Engineer: 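A single structure is presented below for examination.
Since we're looking at a predicted model, the values are computed, not measured. Whatever order the structure lists them in is the order used to number ligands and atoms, beginning at 1. Scope of the values below: all heavy atoms of this structure, side chains included, with no hydrogens, waters or symmetry mates.
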Amino acid sequence: MRNVGIVGTGSYVPDKVLTNADLEKLVDTNDEWIITRTGIKERHMAPADMPVSELCYQAALKALEDAKVGPEEVDLVIVATVTGDHAFPSTSCIVADRLGAKNAAAFDLQAGCTGFIYGVATANQFIAAGMYKTVLVIGGETLSKIINWEDRSTCILFGDGAGAAVLQPVEEGYGFLSFELGSDGSGGKLLTQPAGGSRYPASQDTVEKNLHTIQMEGKEVYKFAVKIMGDVSVNVLEKAGLSKEKVDLLIPHQANIRIVEASVKRLGISPDKVVVNLDRYGNMSAASIPVALDEAIRAGRLREGDIMVMVGFGAGLTWGACVLKWTKVGKMHD
Ligand SMILES: CC(C)(COP(=O)(O)OP(=O)(O)OC[C@H]1O[C@@H](n2cnc3c(N)ncnc32)[C@H](O)[C@@H]1OP(=O)(O)O)[C@@H](O)C(=O)NCCC(=O)NCCS
């Protein structure tokens with residue numbers, strides 16, 4: 001089996017910023033409540049005519065440039081999203097076409113906010129097994145388009161954006177060291193966009209009942225998140241044969257600062273090793289982790305040989321984590 005790593009990253013968020021003060025004009029809320037309960041100060045919103053494929057395309061362009069990889073070299077494009085352009089065709093096909101990735105297979109993957117972790121785990125298998133050499137994994141969302149702007153318990157949380165990573169073979173001992181993925185469909189109702197699929201196809205009734213927007217039982221999701229983030233991080237480190245003291249950087253899903261802080265405390269990792277950007281972006285679901293990863297790399301927070309953990313949870317319910325020994329040097333001659 002080949003070792004697989006991330007050899008380039010990119011991210012993109014739309015220009016328009018929605019602050020907590022802007023939200024005060026829409027629903028009965030205030031800046032202090034939002035910051036205290038979530039840590040979020042602002043989030044980015046795609047304009048009405050911008051589909052998620054555009055965000056994904058912009059992030060992917062930067063990732064390919066960073067990896068010095070041409071679009072024709074890409075063997076597979078995976079887009080993790082819950083807000084694809086259409087039910088079909090897949091967003092990945094649209095993005096591959098725009099990039100000029102003529103030789104690539106393409107599919108979308110849906111694992112809620114854990115989508116990027118599921119994406120890199122999938123890409124890793126294709127490369128490790130020798131089927132592909134270059135896989136582009138993108139997490140992108142336009143959650144602003146499925147928010148109920150009258151529901152103050154959800155509309156304050158989410159934002160739009162995309163992050164991308166190019167995966168290739170790397171030197172032995174580097175790259176992904178372990179993965180842990182999981183699901184529990186019995187918790188599906190805690191976080192859902194109920195209508196628009198085959199159970200509740202779009203109708204006047206579903207629109208009138210607001211069933212095309214995010215429905216969430218926040219407190220239950222919160223409890224699940226704190227427990228699972230700590231547990232899955234411990235498990236994935238154990239699989240890699242590493243203690244928590246070896247971790248140089250932790251990139252958690254960016255849902256709520258209280259969830260991040262509680263799980264980091266549970267895990268016993270120093271807060272200065274944790275990447276947090278949710279104050280500027282809110283929860284961007286599948287885009288949260290790859291955008292945070294790209295920003296951390298560009299800020300110089302990862303050095304060759306560093307141990308990095310990415311961990312997420314989301315709708316499904318799903319969860320996932322991975323451990324990497326960092327290198328950006330690809331090994332394409334194998
Ligand atoms: C949603 C969340 C921020 C709510 O925080 P909380 O501390 O659990 O708050 P509660 O739901 O208990 O609400 C407390 C009070 O604030 C009110 N409230 C809710 N949203 C509010 C808002 N935006 N502004 C002001 N008040 C608000 C509630 O109505 C409630 O009032 P009441 O006590 O009079 O009934 C929190 O539960 C959370 O982050 N959950 C996880 C969500 C998540 O991460 N989802 C994505 C997963 S990928």
Engineer: Starting from atom 46 (C) of ligand 1, find the nearest protein heavy-atom neighbour and note its residue, name and distance.
Structural biologist: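 For this ligand atom, the closest protein heavy atom is Asn283 ND2, 3.4 Å.
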
Engineer: If you measure from each non-hydrogen atom of Thr29 to ligand 1, which part falls under 4.0 Å: side chain, backbone, both or neither?
Structural biologist: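 Both backbone and side chain of Thr29 come within 4.0 Å of ligand 1.
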
Engineer: Can a salt bridge be assigned to the pair Lys62 and Glu65 using a cut-off of 4.0 Å between side-chain N and carboxylate O?
Structural biologist: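 The answer is no: the pair does not qualify as a salt bridge.
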
Engineer: In ligand 1, which numbered atoms sit nearer than 4.0 Å to a non-hydrogen atom of Arg258?
Structural biologist: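 So the answer, numbered in order with elements, is 5 (O), 7 (O).
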
Engineer: Can you check side chain to side chain donor-acceptor pair (under 3.5 Å) on Thr19 and Glu42, steps first, answer last?
Structural biologist: CA-CA 4 Å; Thr19 64; Glu42 57 188 37; over 6 Å; no

Engineer: Verify the neighbour count for atom CG of Asp205: are there more than 12 heavy atoms of other residues, nucleotides or ligands below 6.0 Å?
Structural biologist: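 Counting neighbours around CG of Asp205, more than 12 heavy atoms of other residues, nucleotides or ligands fall under 6.0 Å, so yes.
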
Engineer: Residue-level breakdown please: for Thr154 versus ligand 1, do any non-hydrogen atoms fall below 4.0 Å on the side chain, on the backbone, on both, or on neither?
Structural biologist: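 Contact part for Thr154 vs ligand 1: neither.
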
Engineer: Considering both backbone and side-chain atoms of His253, is one of its nitrogen or oxygen atoms within less than 3.5 Å of a nitrogen or oxygen in ligand 1?
Structural biologist: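 Min N/O separation from ligand 1 is not below 3.5 Å for His253.
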
Engineer: Within ligand 1, which atoms have a heavy atom of Ile156 less than 4.0 Å away?
Structural biologist: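 In order of number, 23 (N).
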
Engineer: Can you name the closest pair of heavy atoms from Ser144 and Trp149 and give their distance?
Structural biologist: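 That closest heavy-atom pairing would be O-NE1, 3.4 Å.
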
Engineer: Taking atom 2 (C) of ligand 1 as the reference point, report whether a protein heavy atom occurs under 4.0 Å from it.
Structural biologist: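 Protein heavy atom within 4.0 Å of atom 2 (C) of ligand 1: absent.
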
Engineer: Measure across Pro252 and Leu250 and return the closest heavy-atom pair with its distance rounded to 0.1 Å.
Structural biologist: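 The pair with the smallest heavy-atom distance is CD-O, 3.3 Å.
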
Engineer: Tell me whether ligand 1 is touched by Leu191 - counting only heavy atoms on the residue side and a distance under 4.0 Å.
Structural biologist: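 Distance cut 4.0 Å: Leu191 passes for ligand 1.
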
Engineer: Do any nitrogen or oxygen atoms of Asn30 lie less than 3.5 angstrom from nitrogen or oxygen atoms of ligand 1?
Structural biologist: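 Asn30 vs ligand 1: no N/O contact under 3.5 Å.
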
Engineer: Walk me through it: do Glu295 and Arg298 pass the test salt bridge (Lys or Arg N to Asp or Glu O under 4.0 Å)?
Structural biologist: CA-CA 5 Å; Glu295 290 194 343; Arg298 287 173 197 264; over 6 Å; no

Engineer: Could you identify the single nearest non-hydrogen protein atom to atom 48 (S) of ligand 1 and state the distance to 0.1 Å?
Structural biologist: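 Going atom by atom, the protein heavy atom closest to atom 48 (S) of ligand 1 ends up being Cys113 SG, 2.9 Å.
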
Engineer: Write out the residue and atom name of the closest protein heavy atom to atom 12 (O) of ligand 1, then the distance separating them to 0.1 Å.
Structural biologist: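 Checking every protein heavy atom, the shortest distance to atom 12 (O) of ligand 1 gives Lys219 NZ, 2.6 Å.
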
Engineer: Which heavy-atom pair separates His212 from Ile146 by the least distance, and what is that distance?
Structural biologist: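 Closest heavy-atom pair between His212 and Ile146: O-CB, 3.8 Å.
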
Engineer: So which protein heavy atom does atom 40 (N) of ligand 1 come closest to, and at what separation?
Structural biologist: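 Minimum-distance protein heavy atom for atom 40 (N) of ligand 1 reads Gly218 O, 3.0 Å.
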
Engineer: Considering only the protein, which heavy-atom contact is closest to atom 39 (O) of ligand 1, and what is its distance?
Structural biologist: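 Protein heavy atom with the smallest distance to atom 39 (O) of ligand 1: Asn256 ND2, 2.7 Å.
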
Engineer: Looking only at heavy atoms, which two atoms of Ile6 and Ala165 are closest? And how far apart?
Structural biologist: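 So the minimum-distance heavy-atom pair works out to CG2-CB, 4.0 Å.
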
Engineer: What residue and atom, counting heavy atoms only, is the protein's closest point to atom 44 (O) of ligand 1, and at what distance?
Structural biologist: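 Ranked first by proximity to atom 44 (O) of ligand 1 is Ala255 CB, 3.4 Å.
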
Engineer: For Ile259, which part has a heavy atom under 4.0 Å from ligand 1: side chain, backbone, both, or neither?
Structural biologist: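 The side chain, only.
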
Engineer: Which option wins on minimum heavy-atom distance to atom 7 (O) of ligand 1: Glu24, Arg37, Lys223?
Structural biologist: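 Looking at heavy atoms only, Arg37 sits closest to atom 7 (O) of ligand 1.
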
Engineer: Give the atoms of ligand 1, by number and element, whose distance to some non-hydrogen atom of Thr38 is under 4.0 Å.
Structural biologist: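 By the 4.0 Å cutoff, the relevant atoms are 3 (C).
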
Engineer: Would you mind listing which atoms of ligand 1 come within a distance below 4.0 Å of any non-hydrogen atom of Phe313?
Structural biologist: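 Taking each heavy atom of Phe313 in turn, ligand 1 has 47 (C), 48 (S) under 4.0 Å.
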
Engineer: Looking only at distance, does Met216 have an N or O less than 3.5 Å from an N or O of ligand 1?
Structural biologist: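 The answer is no, given that Met216 and ligand 1 share no N or O pair closer than 3.5 Å.
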
Engineer: Could you point out which residue of Val4, Asn3, Leu76, Asp75 forms a side-chain contact (heavy atoms from CB on, under 4.5 Å) with Ile127?
Structural biologist: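 Only one option passes, and that is Val4.
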
Engineer: At what distance is the nearest protein heavy atom to atom 29 (O) of ligand 1, and which residue and atom is it?
Structural biologist: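 Looking at atom 29 (O) of ligand 1, the protein heavy atom closest to it is Arg152 NH2, 2.9 Å.
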
Engineer: Would you name the heavy atoms of Met310 and Ile289 that are closest together and state the gap between them?
Structural biologist: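 Taking Met310 first and Ile289 second, the nearest heavy atoms are SD-CG2, 3.6 Å.
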
Engineer: Indicate yes or no: does Arg266 engage Asp231 in a salt bridge with an N to O separation below 4.0 Å.
Structural biologist: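 A salt bridge links Arg266 with Asp231.
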
Engineer: Among all protein heavy atoms, pick out the one at the shortest distance from atom 20 (N) of ligand 1; state its residue, atom name and that distance to 0.1 Å.
Structural biologist: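 The protein heavy atom lying closest is Trp33 CH2, 3.4 Å.
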
Engineer: Under 4.0 Å from atom 35 (O) of ligand 1, do we find at least one protein heavy atom?
Structural biologist: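 False for atom 35 (O) of ligand 1.
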
Engineer: Thinking salt bridges, do Asp160 and Lys16 make one under a 4.0 Å N-O criterion?
Structural biologist: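 No, this pair does not count.
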
Engineer: For Arg98, is there an ion pair with Glu54 - N to carboxylate O distance below 4.0 angstrom?
Structural biologist: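 Looking at Glu54 and Arg98, the cut-off is met.
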
